[in-house]
Number of protein chains: 2
Amino acid sequence: MKKSRRNPETVPLGSTSRRKPLRQDARRARIEQIPKKVIKRLSLYLRVLRNLEMNSVPRVSSQSLAESLGFTSAQVRKDLAYFGQFGVPGVGYSVSDLLHNLEHILGTDREVRVAIIGAGNLGSALMSYGGFARHGVRIVMAFDTDIHKIGTERGGVWIFSMDSLEERLQAAEIDIAILTVPADVAQDVADRVVAAGISGILNFVPVHLRVPPHVRVQYVDLAIEIETLSYYLR
Amino acid sequence: MKKSRRNPETVPLGSTSRRKPLRQDARRARIEQIPKKVIKRLSLYLRVLRNLEMNSVPRVSSQSLAESLGFTSAQVRKDLAYFGQFGVPGVGYSVSDLLHNLEHILGTDREVRVAIIGAGNLGSALMSYGGFARHGVRIVMAFDTDIHKIGTERGGVWIFSMDSLEERLQAAEIDIAILTVPADVAQDVADRVVAAGISGILNFVPVHLRVPPHVRVQYVDLAIEIETLSYYLR
DNA sequence: TAGATTGTTAATCGATTAACAATC
DNA sequence: TAGATTGTTAATCGATTAACAATC
């Protein structure tokens with residue numbers, strides 16, 4: 001016997017009452033380890049959906065979502081299928097429904113609190129960078145060793161001494177640390193951040209960090225991006 | 001009959017006379033399309049090799065190269081095999097030989113000339129960012145529309161008017177454009193840059209760029225990195 | 001020589017795409 | 001109803017790893 005493809009209480013497009021079963025799906029999904037590539041694409045879908053919502057577009061198909069990012073429609077549907085059923089056959093997806101569902105899955109429906117460690121060129125540029133706010137990301141504080149920077153602020157973000165790192169990270173309930181420190185201290189700083197209970201690091205330092213398995217590190221290495229491009233020049 | 005695994009005129013470790021056959025290999029490789037992931041790892045190997053050379057380490061095995069980056073030794077050997085034979089069985093790789101070979105393959109043995117389009121927070125941080133120089137990357141010029149910024153410099157890089165974009169990119173023989181402009185003009189700027197003959201773009205703007213097939217775009221999307229991390233927080 | 005490590009093949013693993021019944 | 005589009009399975013494609021003969 002074939003199992004039904006949708007919950008019995010079928011809900012009309014635009015309703016939010018499908019949210020409860022989804023959470024369960026999401027939890028199950030998390031256990032069977034979703035590929036990181038899928039998560040990245042989810043975040044890209046979210047960006048498109050936000051644009052569509054801003055333009056008051058009510059519905060979107062996997063086809064058009066895919067086209068605006070250069071993917072295939074099958075990939076969009078497969079990615080979403082990891083987490084549940086969000087569309088209506090023959091109709092497509094409700095933009096605002098899918099948007100909220102994806103935000104919930106990614107955890108950006110609540111505030112994500114980040115701290116920037118190292119207020120050099122890159123660090124302080126990020127402090128003033130406006131692109132985070134609309135993704136529910138809040139830069140709460142920054143740290144540096146330079147006595148001239150400590151106690152000042154940039155883009156509304158205060159810079160504290162590295163001496164107070166652990167206690168402030170904990171008190172401020174920081175979720176993610178952005179590392180923009182010199183290469184020779186990166187591992188030490190990472191160790192301290194992890195010891196303070198942080199489990200997500202965005203690392204701009206060109207150094208491979210050794211961290212415990214529960215800690216996630218995302219690398220952003222500008223020189224390597226350029227070097228990769230360089231290969232393809234003729 | 002089995003074909004010999006190495007050139008007849010076997011050269012001792014440390015010699016550079018193996019370079020000529022390599023170029024041929026590299027060219028063949030380029031035709032049968034190397035995966036981009038391989039190119040990225042090549043660049044990571046290069047980083048480790050530079051550290052080893054700085055510490056006067058003469059030789060390295062695929063095993064130790066892999067360990068310092070969290071890869072497997074098989075992957076290191078497989079990646080290198082796309083481009084030729086660089087090691088000596090039972091001995092390993094000459095650090096300086098492999099380093100120079102990889103630089104040649106990636107094209108960072110010659111100067112890579114880049115321009116930064118958009119001298120906002122991020123753009124001007126990159127202008128002062130020191131991390132590029134040791135990779136043979138030279139930030140030659142920057143562009144902006146702000147009359148107050150035009151004619152000034154930052155980190156030794158001059159800011160020019162966007163009006164002169166095409167002619168200056170060409171005159172200065174720019175290889176790669178770094179895009180740090182507002183989202184709503186990103187596609188327009190990309191079109192102009194491409195029309196000026198640029199075929200490599202490093203894009204910091206959270207917008208999917210539509211470019212001709214010969215143009216390579218690398219995306220660096222900070223908000224998406226954070227959103228991806230956010231998913232993994234508990 | 002004995003031990004170590006490469007380059008390469010085959011086996012495995014994982015991700016993408018095509019295709020289509022189910023559904024609106 | 002006819003047309004459109006989903007969710008999902010199976011087929012394809014690609015990337016990683018294990019294993020080992022060849023080599024130093």
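Proteins come first, then strands; the chains are lettered A, B, ... in the order of their sequence lines, and each starts at number 1.
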- Checking side chain to side chain donor-acceptor pair (under 3.5 Å) for the pair Asp191(A)/Gln187(A): CA distance, chi angles, key distance, verdict? CA-CA 6 Å; Asp191(A) 291 344; Gln187(A) 184 62 59; 2.9 Å; yes
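Between the C1' atom of dT5(D) and the CZ atom of Phe86(A) lies a distance of 17 Å, rounded to the nearest Å. One atom, CG of Asp79(B), and another, P of dT8(C), lie 14 Å apart when rounded to the nearest Å. Atom CZ in Phe83(B) sits roughly 14 Å away from atom P in dT8(C) (whole-Å rounding). For Asn101(A) and dG7(D), the CG to P distance is 11 Å, given to the nearest whole Å. In this entry the distance linking CD1 of Ile34(A) with P of dT16(C) reads 13 Å, nearest Å. With rounding to whole Å, Leu98(A) atom CG is found 11 Å from dT6(D) atom P. Across the protein-nucleic acid pair, Tyr82(B) atom OH and dT8(C) atom C1' stand 12 Å apart, rounded to whole Å. The interatomic distance linking Lys37(B) (NZ) with dT17(D) (P) rounds to 10 Å, in whole Å.
Closest to the side chain of Ala81(B), out of dC24(D), dT8(C), dT6(D), is dT8(C). Checking dT23(C), dT8(D), dT23(D) against the side-chain heavy atoms of Gln85(A) singles out dT8(D) as nearest.
Residues from residues 60-78 of chain A placing a heavy atom under 4.0 Å of any atom in DNA chain C, listed by number, are Thr72(A), Ala74(A), Gln75(A), Arg77(A), Lys78(A).
The closest donor-acceptor contact from the side chain of Asn203(A) to the backbone of Val207(A) lies under 3.5 Å. The main-chain N or O of Pro206(A) is found under 3.5 Å from a side-chain atom of Arg47(B) such that the two form a donor-acceptor pair. The backbone N or O of Ile224(A) sits less than 3.5 Å from a side-chain atom of Thr228(A), completing a donor-acceptor pair.
Residues Gln75(A) and Lys37(A) have side chains that never bring a donor and an acceptor to within less than 3.5 angstrom of each other.
Listed by chain and residue number, Ser61(B), Glu67(B), Ser73(B) satisfy the side chain to side chain contact (heavy atoms under 4.5 Å, CB included) test with Gln63(B) (two or more places apart in sequence, or in another chain).
Residue Tyr93(A) places at least one side-chain N or O under 4.0 Å from the OP1 or OP2 atom of dG7(D). Taking side-chain N and O atoms only, Arg41(A) has a distance below 4.0 Å to OP1 or OP2 of dT16(C).
Under the 4.5 Å side-chain criterion, counting only non-hydrogen atoms from C-beta, Arg59(B) is in contact with Val91(B).
Exactly one of Asn51(A), Val60(A), Val48(A) qualifies for a side-chain contact (heavy atoms from CB on, under 4.5 Å) with Ser68(A). That residue is Val48(A).
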- Query: Pairs counted as Watson-Crick or G-U wobble with both distances under 3.5 Å: what dot-bracket string results for DNA chain D, using | for bases tied to another strand?
  - Reply: ..||||||||||||||||||||||
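Relative orientation of the His208(A) and Tyr219(A) rings is parallel, given thresholds of 30° and 60° on the angle between their planes.
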